[in-house]
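Below is one structure, written out as structure tokens; the observations come after it.
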Number of protein chains: 2
Amino acid sequence: MPTVSSEELAAAAGVNSAKLRKDFSYLGSYGTRGVGYDVEYLVYQISRELGLTQDWPVVIVGIGNLGAALANYGGFASRGFRVAALIDADPAMAGKPVAGIPVQHTDELESIITDNGVSIGVIATPAGAAQQVCDRLVAAGVTSILNFAPTVLSVPDGVDVRKVDLSIELQILAFHEQRKAGEEAGATAAADSAAVPAAPRTDSATDQGPDGDVPAVMPA
Amino acid sequence: MPTVSSEELAAAAGVNSAKLRKDFSYLGSYGTRGVGYDVEYLVYQISRELGLTQDWPVVIVGIGNLGAALANYGGFASRGFRVAALIDADPAMAGKPVAGIPVQHTDELESIITDNGVSIGVIATPAGAAQQVCDRLVAAGVTSILNFAPTVLSVPDGVDVRKVDLSIELQILAFHEQRKAGEEAGATAAADSAAVPAAPRTDSATDQGPDGDVPAVMPA
DNA sequence: ACATGTGAACAGCTTCACAGCT
DNA sequence: AGCTGTGAAGCTGTTCACATGT
């Protein structure tokens, strides 16, 4: 399939075709009227705009289960990410290969960053070590940090941090799950009122307390 | 601090205080005029609305590095999630404890789901096994799935799927990183034109080809 | 006096609809 | 004839500003 229309792409993505065309138009005019978009050319242009055609060396700090999982993750290489180094504070880990890459000790952090021109760091350490690792990464020249540790990192201006909380996605599922259950069976879930903190007390007789509080439901 | 105002919360969260009040108002009227919101009461009401006060048994299927990392993840318990079982297809894993929970074989999947009343499943298998695992989870009664495998799962209506792609966050960072670099040094990144697929050829003399295409920059 | 809760104004994003090009 | 690219219309989500309640 050498060419594709906005209608086809929109159907596949589940969005409106006008929106898709307008979004593409922000990148430039890469389509041909009466024909559609040349697939290979479009893929390249989008990839380039997203930065996928560049080589991004990254370091992963904290090689526990999560760090190892990230090091083994296949999706990185195909998107331009290259794991330049794995770093861990445990001297016993040093030299051990994980995903074919030998783990290096935290002492080497600064030289690794500098020598490889790394601007993106991944923190997969325990919460207690995260801020300190972050500070060292930033001092060594890293300007983008992906944080898996359950801590809010503070960084100077000009440094981007994205925090990944693995339980937030579960919370979203649980939220919808709760809704599903609620639709079938009424508000049975609000029954364990023993654990409910009392509402701030007032003299008003209109305060019905938690049991009566079935909150207004948000639209969709 | 027993009480907090929308102004304080908004400042802490980096949003507008009117938005915060309007959002809270969808859950009910949990504030007191002239005073603010009772912290403990507000926390409880939000927790309940999000489903955090319920007990959610979950199963994790695929106990590789990522599955193990998830099993060890501390953030789950405090949000009402309880790891009911760890499941893996490798018979050699069966019985081995991970995060204090013995791994069970895939053969037991259906009975585990049923016996524990599990409605949320986490898939951390390789891509090839994901759809099959998904089908078995759904058939056994699971209605929400968190998918870490790099596959798009197809499920019947009424089942929610959320896909977590660990490289997407890195892509977002790389995108911003590219922008930072572009601002300082002009469009040096578009130089490797050897790898650029040719634009669809036309007879028009106005087609400048990829080198001239510096796409319009999106606002913000 | 002070802070919530909310109608009304505003802004930004999405969709429509069609001119313009192949 | 067909499909893109885009002004204009429409809509959704945000912010203002103040009436209302403590």
Side-chain angles (χ1 to χ4, degrees), chain A residues 1-46 49 172 198-210 212-220, chain B residues 1-46 49 197-210 212-220:
Chain A
M1 192 188 232
T3 206
V4 67
S5 72
S6 63
E7 205 71 56
E8 294 169 286
L9 284 174
V15 299
N16 183 293
S17 69
K19 173 164 168 46
L20 194 137
R21 287 200 300 279
K22 183 148 276 187
D23 284 359
F24 281 4
S25 77
Y26 287 115
L27 307 180
S29 289
Y30 297 141
T32 308
R33 290 165 195 237
V35 178
Y37 298 91
D38 181 83
V39 172
E40 190 190 5
Y41 187 57
L42 181 65
V43 166
Y44 170 76
Q45 290 297 348
I46 293 176
E49 185 70 23
I172 294 170
R201 274 299 134 196
T202 68
D203 295 340
S204 164
T206 61
D207 182 356
Q208 302 184 340
D213 292 350
V214 179
V217 169
M218 285 177 282
Chain B
M1 192 187 230
T3 206
V4 68
S5 72
S6 63
E7 206 71 55
E8 294 169 285
L9 285 174
V15 299
N16 182 292
S17 69
K19 173 163 167 47
L20 195 137
R21 288 200 299 282
K22 183 149 275 187
D23 284 358
F24 281 5
S25 78
Y26 288 115
L27 308 179
S29 288
Y30 297 140
T32 307
R33 289 164 196 242
V35 179
Y37 297 90
D38 182 83
V39 172
E40 190 189 5
Y41 187 57
L42 181 64
V43 166
Y44 171 76
Q45 291 296 349
I46 293 176
E49 185 69 23
R201 275 298 134 194
T202 68
D203 295 338
S204 164
T206 60
D207 181 356
Q208 304 184 340
D213 292 352
V214 178
V217 169
M218 286 178 280

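Computed from heavy atoms alone, side chains included, the values below leave out hydrogens, waters and symmetry copies. Reminder, nothing fancy here: chain letters follow the sequence lines and each chain counts from 1.
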Taking the six-membered ring where the residue is Trp, are the ring centres of B:Y30 and B:F24 under 6.0 Å apart?
no

Interatomic distance, A:Y41 OH vs D:dT4 P [rounded to whole Å]
16 Å

C:dT4 base / B:R33 side chain donor-acceptor hit below 3.5 Å
yes

Please determine whether a side-chain nitrogen or oxygen atom of A:Y26 lies at a distance below 4.0 Å from atom OP1 or OP2 of C:dC13.
no

Shortest non-hydrogen contact from A:S6 toward A:S17
O-CB, 3.9 Å

Check the distance between D:dT4's P and A:D23's CG and give it to me in whole angstrom.
14 Å

Which nucleotide, D:dT4, C:dT4, C:dT6, lies nearest any side-chain atom of A:S6?
D:dT4

Interface with DNA chain D, restricted to residues 13-22 of chain A and to heavy atoms under 4.0 Å
A:R21, A:K22

Would A:L42 and A:L9 count as a side chain to side chain contact (heavy atoms under 4.5 Å, CB included) here? Give the steps.
CA-CA 12 Å; A:L42 181 65; A:L9 284 174; 4.1 Å; yes

Which residues pass the salt bridge (charged side-chain N to carboxylate O under 4.0 Å, His left out) test with B:K22, not counting sequence neighbours?
none

Just verifying a value: how many Å separate A:S5 OG and A:R21 CZ, rounded to the nearest 0.5 Å?
9.0 Å

Between the first and last five pairs of the helix from C:dA1-D:dT22 to C:dT22-D:dA1, the angle of the axes, rounded to 10 degrees:
0°

What is the distance from CZ of A:F24 to P of C:dT14, rounded to the nearest Å?
14 Å

Nearest whole Å is fine: how far is C:dA3 P from B:D38 CG?
16 Å

Reckon A:Y30 has a side-chain N or O less than 4.0 Å from the OP1 or OP2 of D:dC3?
no

Shortest non-hydrogen contact from A:E49 to A:L27?
CG-CD2, 3.3 Å

Looking just at side-chain N and O atoms, do A:E40 and A:Y44 make a donor-acceptor pair shorter than 3.5 Å?
no

Is the shortest side-chain heavy-atom distance between B:T32 and B:T3 below 4.5 Å?
no

